[in-house]
Amino acid sequence: MRAVVGELAVPSAAVSTPLHHATHWRRLRRAASLVVLAMASLAHVGSPDTFFVGNAGPFQIRVATRLPGVIPGRGQVTVRVLNAAAHPPGVVTVRAGQWNVGIDGAPPPETARPVPGDADLYAAELWFMTPSSYVLFVSVNGRTGSGTALVPMMALATSQGALGPGLGVLLGAMGMFLVAGLVTIVGAAVRESVLAPGVAPDSRRRRRSRIAMAASALLLGSALLGGRLWWKVEASAYRESVLYRPFRSEVGVREDHGRLRLTLSIRDPRWTGPHNPLSRYNTLTPDHGKLMHMFLIRSQSGDVLAHVHPTPRTPDALDFDVDVPPVPAGRYAVFADIVHESGYAQTMTAPVDIPFTDRGSSRAGDPDDSWFEGASASEAAEAQFQCSDGSRITWHRGTQAFDAQQERTLMFSARDEAGRPLAIEPYMGMAAHVLVMRDDGSVFVHLHPAGSISMAALQRFSAEWPDLAGVHASHEHQMDSDISIPFAFPTPGRYHVWVQMKHEGHVVTAAFDAAVR
């Protein structure tokens, strides 16, 4: 049995320096690798905001939730009523409840106010106090009816504020001034507070005053030192317990009885076997019928994509195995999606080297596994990708350039050779799966016609609150060859976009590129 295991690495130039310089460079490289890991440690990856399209009773709504970056913090929620002309909304409210308390333990609803200049857009701000899985209750009331949509989301702490040098100097100077003032007040009180007006303090009182001032300075210094240590402990606890970190994992390829097997192993102190039902890291739940969705993308070029579904080797779900798909040899970026029963979803990342394989003898381990190899369609207002079966998928981009953080609707259509709408079949329950990756791997998002939400979390919350009006309509999707998905590219750069649909029992994949300003 042979194994090829990928490890995260940061390239660096070879240098010849003294020992202390070499140590310095090693520290810099280690710090750089931590920065890369931090960039790649968001769920999905690098795109923590939530986008959703669904129904709240008769109202068709599009919801975008922008996180504050730090938790606790206030996030921004916008609700657009897409059919406001036919169903004018009256009052729009939003309410966020943690996965384990729901609507009964949630704070009172906040009224979303109309945005000036856009009559169909409503905005509100909500406090998110805990880094956990949430369900957003979006209620719309109007003359034609009322309804509530459930929007699963996660409140992720993706940054930790730093104290700038200018503010630090200012606060330090103010603190020293206050300390000096307090010490002076203590000394004056001991020396003169009980003397009659005009009486000068004797040497004994002056000596006691100096002792009191020294003791006060020592006490205040100890308090400041204790405060500094407390601040460091709090900052460390925030990094370890609040700041988002996906499970630590590694991916390897091994030969097993003539079969080339790929294994993802979770090696993280938060996931060691027995699962706490009260934790957000509780047992895994199927998403589109699978416990894990794994995507392998060939590094640098991005011209090869494999969408496979590993299965856990044991009930503890520490190791997931899958046959290596028939892809060319090379280095691949691996993205693995899992969802907990709490609705908490995360994407684990790792690289892996896949050796040369006999591609003719490879076979799918799961009927929904798929793979693709080919160049992307050229960028255009109507970018078309010609599929191998003669059908074509068009990305209706329009002439407007893509800007980072700007919410847009990604619109695609599928047509057969004669130009007729392609007969789309459910692909794991959805009309389409869309994958978005920045070319350096710092962003990876798995989208559906409902948006970027976890469908497993939506089904879990829908089953818990089935009496809410309009909740079922929010996750029913027709098999339409024309799809639209709300999304905002999180950062500027070049992106690869893959669209996957199912036709006549086969998965059709189209590849596109996009430049984001």
State, to 0.1 Å, how close [X] and [Y] come at their nearest heavy-atom pair, and which atoms those are.
X: S342; Y: N282; result: N-OD1, 3.1 Å
X: I71; Y: V242; result: O-CG1, 3.8 Å
X: V443; Y: G46; result: CG2-O, 4.0 Å
X: I393; Y: V508; result: CD1-CG1, 4.1 Å
X: F128; Y: A96; result: CE2-CB, 3.8 Å
X: S376; Y: D513; result: OG-OD1, 3.3 Å

Going by heavy atoms in the side chains, are [X] and [Y] under 4.5 Å from each other?
X: I61; Y: V53; result: no
X: P48; Y: M154; result: no
X: Y122; Y: V115; result: no
X: F320; Y: T311; result: no
X: F51; Y: I485; result: no
X: L296; Y: V327; result: no
X: R248; Y: R267; result: no
X: Y244; Y: P131; result: no

For this session: Starting from the C-alpha separation in whole Å, work towards a yes-or-no answer on side chain to side chain contact (heavy atoms under 4.5 Å, CB included) for L264 and M348.
Result: CA-CA 9 Å; L264 183 144; M348 295 170 287; 4.0 Å; yes
Would you confirm whether [X], through its side chain, and [Y], through its main-chain N or O, come within 3.5 Å as a donor-acceptor pair?
X: N83; Y: P58; result: yes
X: H307; Y: L305; result: no
X: Q500; Y: H433; result: no
X: R517; Y: P492; result: no
X: H503; Y: A423; result: yes
X: S454; Y: A457; result: yes
X: Q386; Y: G390; result: yes
X: E425; Y: E504; result: yes
X: D49; Y: L67; result: yes
X: S462; Y: L458; result: yes

Tell me whether [X] is salt-bridged to [Y], with the criterion being a basic N under 4.0 Å from an acidic carboxylate O.
X: D287; Y: R460; value: no
X: R80; Y: E407; value: no
X: R415; Y: D482; value: yes
X: R397; Y: E379; value: yes
X: D368; Y: K502; value: yes
X: R494; Y: D439; value: no

Straight-line distance of [X] [atom1] to [Y] [atom2], nearest 0.5 Å:
X: Y332; Y: L262; atom1: OH; atom2: CG; value: 11.0 Å
X: L410; Y: L447; atom1: CG; atom2: CG; value: 7.0 Å
X: D369; Y: D323; atom1: CG; atom2: CG; value: 8.5 Å
X: D316; Y: R313; atom1: CG; atom2: CZ; value: 12.0 Å
X: S388; Y: H506; atom1: OG; atom2: NE2; value: 9.5 Å
X: S133; Y: R280; atom1: OG; atom2: CZ; value: 10.0 Å

Relative to the ring of [Y], is the ring of [X] parallel (under 30°), tilted (30 to 60°) or perpendicular (over 60°)?
X: H446; Y: H288; result: tilted
X: F59; Y: H87; result: perpendicular
X: F247; Y: Y281; result: tilted

Seminar exercise, completed: Result for ring pair (Phe, Tyr, Trp, His ring centres under 6.0 Å) between F295 and one of W498, F444, F335 points to F444
For this session: I would like to know whether S452 and T50 meet side-chain hydrogen bond (donor to acceptor under 3.5 Å, both in side chains); could you show each step before the answer?
Result: CA-CA 6 Å; S452 63; T50 302; 5.1 Å; no
Exercise. Judged by modelled atom types alone, do D416 and S391 share a side-chain donor-acceptor pair under 3.5 Å?
Worked result: no
Exercise. Side-chain donor-acceptor pair under 3.5 Å between H293 and H309, yes or no?
Worked result: yes
Exercise. When you measure from the centre of the six-membered ring of F137, is the NZ or CZ of R95 under 6.0 Å away and within 45° of the axis?
Worked result: no
Exercise. Hey, does the Lys NZ or Arg CZ of R408 hover above the aromatic six-ring of F402, less than 6.0 Å from the centre and inside 45° of the axis?
Worked result: yes
Problem set entry | Chi angles and distances behind the side-chain hydrogen bond (donor to acceptor under 3.5 Å, both in side chains) call for D321, T263 | CA-CA 5 Å; D321 297 324; T263 298; 2.7 Å; yes
For this session: Give a yes or no on whether the ring-centroid distance for H396 and F412 is below 6.0 angstrom.
Result: no
Exercise. Centres of the H340 and W271 rings: under 6.0 Å?
Worked result: yes
